[in-house]
There are 2 protein chains.
Amino acid sequence: MQGVDPAWLPDEVFRPIGTRRTLIRGSGPLVDTVHGEVAGACDRFGGRVERDASPGPFDLVLELTGADASEGFTFERGDGCTTVTATGQSGLLYGLFHVVRLGEDAFRKQRPRETHGPALALRMLDHWDNVAVHPVMGQVERGYAGGSLFWQDGRARGELLGRVRAYGRLLAACGINAVAVNNVNVHATEAHLLTDRLGEVADIAGALRPYGVRTHLSVTFAAPIVLGGLSTADPLDDDVRGWWAEASARVYEAIPDFGGYVVKADSEGQPGPFAYGRSHADGANMLAAALEPHGGTVHWRAFVYNHRQDWRDRTTDRARAAHDHFVPLDGEFADNAVLQVKHGPMDFQVREPVSPLIGAMPRTRLAVELQATQEYTGQQRHVCWLGPMWSEVLRFRADGECSVGEVARGGLVAVSNVGDDPFWTGHPLAQANLYTFGRLAWQPHADPHQILDEWILLTFGTGPAAGLRAVLDGSWRTYEKYTAPLGVGWMVQPGHHYGPSVDGYEYSPWGTYHFADRDGIGVDRSAATGSGFAGQYAKPWAEMYESPDTCPDELLLFFHHMSYGHMLHSGKTVIQHIYDTHFEGVEEVEAARDVWASLVDLVDRARHARVAERFEEQLRSAREWRDQVNSYFLRKSGVPDAHGRRIY
Amino acid sequence: MQGVDPAWLPDEVFRPIGTRRTLIRGSGPLVDTVHGEVAGACDRFGGRVERDASPGPFDLVLELTGADASEGFTFERGDGCTTVTATGQSGLLYGLFHVVRLGEDAFRKQRPRETHGPALALRMLDHWDNVAVHPVMGQVERGYAGGSLFWQDGRARGELLGRVRAYGRLLAACGINAVAVNNVNVHATEAHLLTDRLGEVADIAGALRPYGVRTHLSVTFAAPIVLGGLSTADPLDDDVRGWWAEASARVYEAIPDFGGYVVKADSEGQPGPFAYGRSHADGANMLAAALEPHGGTVHWRAFVYNHRQDWRDRTTDRARAAHDHFVPLDGEFADNAVLQVKHGPMDFQVREPVSPLIGAMPRTRLAVELQATQEYTGQQRHVCWLGPMWSEVLRFRADGECSVGEVARGGLVAVSNVGDDPFWTGHPLAQANLYTFGRLAWQPHADPHQILDEWILLTFGTGPAAGLRAVLDGSWRTYEKYTAPLGVGWMVQPGHHYGPSVDGYEYSPWGTYHFADRDGIGVDRSAATGSGFAGQYAKPWAEMYESPDTCPDELLLFFHHMSYGHMLHSGKTVIQHIYDTHFEGVEEVEAARDVWASLVDLVDRARHARVAERFEEQLRSAREWRDQVNSYFLRKSGVPDAHGRRIY
């Protein structure tokens, strides 16, 4: 553990507790964890902790008052004592970290009793980690933080179990309670985690359990064939159902609190129920039935689309796919089957509308999937704090009434951005995304800027806080500015997805086009003249997106093909907007780099150096984006920049 | 060896010899090879072979009359006997294969004595084979014929030495006499072939030796550091020179007829003399000195350019690089140092002008490098017979007077297209490129179409000959038509180089741009207004390329940036030429596929099926090229097709 960044739990944040007298009441493994945390803090700072003892007085009482599975807790301050109670052990743990976050404030003035609890029961990270190094995707698919925390060269990393436990601790401190430990693309080696290599999963589960984090597994739909030797994986076949029931029972023998399965089926080449003429509800429900006796859940991903599309075919629109596939199945999924939907209709671009599927399945438990790993947002070489984007998504009134945060009854999931990097996330400031995700999953309507402040104060203290705010606050919009304009997306290098290539996906089979020609750019997704995708939305949105007059600027090219001369609501033409944002984006990166440089004496050396080094790459890359995108559109449109700046 | 395609040496071609009486006179290992070939033929067809015996009469006498290293031979027919004489053993072997090629004609009418011999002393294949699988480039860099003939997973393939011998036999039968057995990009594992893993090279040399093929090795310029533990590889350092001298002496102990070294230095990241402030002549001459006592040669590649160019920088022109770097060194290279120059100034595009370097170094031994492996010409999934292209290059009057074939005193080299594929070259018809290369290296001014006929008759017999001619003859121009127009090049997918991506290299660091905008396309390389590259040519060419009025259509966009409306000599505009050639190219592939299908009863089944399968891919790919390129330019230019055909 030496040399690993403490992230948002440096020793210092335990000082307010560690200098005081604490009483812990109750028993159980997570209460032991709470005790261990407080005892450790007292060791460091000279305070005192008692268990189930009466001779007071105490500054802090942490009391388990029940034996349920609740994650909530109460908090109050009166008579010189701060009291946290919980009816479930995890609740007590979350209560402890609430006190940690409050710091000295937890012990200052009177506070009436407050009740806290997560808005969403499942707050999960999906690790796209491969067990065996994939020839193309490597150890971690879309991983930008070194190797995997869990796996290396085909085996579980026993030597890292201590770090896995520390990871669980960080997750608990921001409210995350579930981790899927392998990639949704389940290759040959990974398939075996379900059966003969289950012991490796159990070891990881054991390291995460003390912090209330349950372990989930990505499984292949073809498991009955590839592992069970059956001739079919047909979800309605009795042998197949029996095989899954037995396999699941064995999983629960090894891991009694196992969370469940994550499944990517009929998606980008993965096997699924379509091969047997069955629906995705049939597929998901079969796995749900196998998990149900044990209290497990299947997370069934809705990322189903034609990834072998002919770019010449303008009648097919990938954005429509999830809605087209899944809305007809609303009401057919079992109670413990969760449909896991990416937040946007495409794939984690820097700007997408919210997926219309999210508001269109009222009788289905949905989980919403975000991407903390910055595949399309700078790959942890660029600062890009995603809090504002996620918050916009979660507050979006999906069905016209309820917000995404309310509709996501199946939970909030993020693709993890963590690896074996000493800073956990490669770019030290990318830790903010992980923290923000956890806190938003706990409370989807929280103000992301307050969460950012919380993260900054825990991680860096007050000294450099203003600078960090300046660097992070607008970083997502900055990234958007110097990359893909007006919701158009996909102007990235194919394959690895880092850096610009305006036409990189334009003639590909992936269904990701911008249709730029000498006159204009964008995808007509209107109901009247386009693919009809806009019509998949609930009432106010369908109308708003249908017309360029009412469509928000930032999504205009996602929904409409517009001429370069079209005047935006902002008062700029499309082409001038492209030029201006790309120049501005680079200037903002330069400014952020300078702010960071000014923090040199306020941030520890290694962390400062790592971020400074990444800023150089971000700036180089941002300039590359600016110049490629501007040159591309100048060459294509022939319209000069109104301000006469250099375009190549 | 079972199941391996006989290529141009099927048993049948030995029938004319194998049914007759042959006398072989002389001794030595290659005479034994000759004897073995004739004896094998007689075993199969009932003829008779004697060695150094007198009782005649004989139909064929093969006689070694000297003991020199000559590769020439005489051929005559009189008094019912055909006689081949040679003063060197390889000459006798080449004479035998001459008789094989003539078939029954060798034994028909009287023929006065003819003298044959190679125009070029060195006729070489460079294998870009890696010993250890390279993480990006695989076992064979730019290999499209399965794995390596020589190496697998880090070791020499002992089990394939029989196939290596058969490879040597095919090479001798078309006149090739040298093979470099490893990639010019010498990675860590491959470096050791020079020293502690020399035994593996010796084994390969032993398998090739019976057919007069000498073995060469690609070495890293940094060998004294990475293998010898020295602190420098400075070519003027005495320790470095001593290290190379000793290493070379040990090579010759193990392989007495070792050919020499191939070196890619200061090129695409490989180490070289620039690091020590030395010239490339210094570098090459140091290695030449080490090889000189043993009769070896260093092949020093001229492929030196800035591969980290900024695409924004229009003052740098990669096409100029080899001439700029090497012309000042003319006269400074040692006698046994050969400067190996790619035939074009860029990198094996389907159409390039001849490199101006070739005519500009009269006091240097130059070898000209071609690419048989079809990196940019369809990767052995497309039929693309390169004979006409190579012939045009070899007949080009490099310095205004002498042809490239005459100037290439250091030999002709091709990057091999052979792997462990049962058909040797993946696409069975790609064998024609290997054969044509060998024959053109022997006689650079030969008519490639006659060579093609020769190859067809040897390989397929007369039955399908007309069909094969129809399929192969124009296949290079067909490929050019549906890919990159008018010499512009580089419209390929970056990295693997298969399939179209018009802007794939447009904003890259590789120095390979087309500068297409809404008005026009092409690179101004004139002396008057462009990069000056045209001025690097000798007199007639410099003037011809300088002006769009005199520049040949097929190279127009290589030398000039032209508007889409510019009228070509052909009477078409640039844009209409692009559209027309792309439609024609696909039609020609369709026609060739149909011709091939009609040969089903005239070609053996496995070979027919393999080619038929590849034609489907070629057609799919050609349509993709057509549609992407035409769509790109329609979107950019806005000019509709004059014939109203479908462009997307």
Side-chain angles (χ1 to χ4, degrees), chain A residues 133-139 308-315 491-496 498-509 513-522 561 563-564 575 620-621 623-640 646-648, chain B residues 133-139 308-315 491-496 498-509 513-522 561 563-564 575 620-621 623-640 646-648:
Chain A
V133 176
H134 186 272
V136 176
M137 292 301 175
Q139 189 80 64
R308 290 281 172 266
Q309 188 179 329
D310 189 333
W311 59 269
R312 302 165 188 83
D313 166 24
R314 298 233 184 164
T315 66
M491 293 179 168
V492 294
Q493 292 280 345
H496 58 67
Y498 187 76
S501 177
V502 179
D503 271 0
Y505 276 98
E506 188 56 16
Y507 302 94
S508 82
Y513 315 115
H514 54 60
F515 302 127
D517 62 19
R518 74 199 321 255
D519 302 315
I521 178 172
H561 187 90
S563 75
Y564 294 118
I575 189 73
R620 183 208 62 76
S621 177
R623 288 172 177 154
E624 190 65 27
W625 273 97
R626 174 194 66 194
D627 291 339
Q628 282 201 32
V629 171
N630 284 348
S631 295
Y632 178 97
F633 286 104
L634 174 63
R635 292 187 194 178
K636 210 145 198 168
S637 72
V639 181
R646 179 73 190 267
I647 299 177
Y648 296 87
Chain B
V133 176
H134 186 272
V136 176
M137 292 301 176
Q139 188 80 64
R308 290 281 172 264
Q309 189 180 326
D310 189 332
W311 59 269
R312 302 166 188 83
D313 165 22
R314 298 231 184 165
T315 65
M491 294 178 167
V492 295
Q493 292 279 345
H496 58 67
Y498 187 76
S501 178
V502 179
D503 271 359
Y505 276 98
E506 190 55 17
Y507 302 94
S508 81
Y513 315 115
H514 53 61
F515 303 128
D517 62 21
R518 71 197 323 251
D519 302 315
I521 178 174
H561 187 89
S563 75
Y564 294 118
I575 189 73
R620 182 207 64 74
S621 176
R623 287 173 177 154
E624 189 66 25
W625 273 98
R626 175 194 65 194
D627 292 340
Q628 281 200 31
V629 171
N630 283 348
S631 296
Y632 178 97
F633 286 104
L634 174 63
R635 292 186 193 179
K636 209 145 199 167
S637 73
V639 181
R646 180 72 190 268
I647 299 177
Y648 295 87

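Proteins get letters first, then strands, A, B, ... in listed order; numbering begins at 1 in each.
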Among Q493(A), K636(A), R635(A), E506(A), residue most engaged with chain B (heavy-atom pairs, under 4.5 Å):
R635(A)
Based on non-hydrogen pairs under 4.5 Å, which of V502(A), D519(A), D517(A) is most in contact with chain B?
D517(A)
Interatomic distance, R312(B) atom CZ to E624(A) atom CD [nearest 0.5 angstrom]
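Here the interatomic distance stands at 4.5 Å.
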Would you compute the distance between atom OH of Y648(A) and atom OH of Y507(B) and round it to the nearest 0.5 angstrom?
13.0 Å
Side chains of F515(B) and R314(B), heavy atoms from C-beta outward: is any pair under 4.5 Å?
yes
Do P500(A) and Y632(A) have side chains that get closer than 4.5 Å, going by heavy atoms?
no
Return the option, out of P494(B), G504(B), S631(B), with the maximum number of heavy-atom pairs under 4.5 Å with chain A.
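With the most close heavy-atom pairs to chain A, the winner is S631(B).
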Top of L634(B), D310(B), D503(B) for chain A proximity - count of heavy-atom pairs under 4.5 angstrom
D503(B)
Tell me, side chain or backbone of S508(B) under 4.5 Å from chain A's heavy atoms, or both, or neither?
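No part of it gets close to chain A.
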Relative to chain B, which segment of D627(A) carries a heavy atom at a distance below 4.5 Å: side chain, backbone, both, or neither?
both
On a heavy-atom basis, which atom in I575(B) and which in S637(B) lie closest, and how many Å separate them?
CD1-OG, 3.6 Å
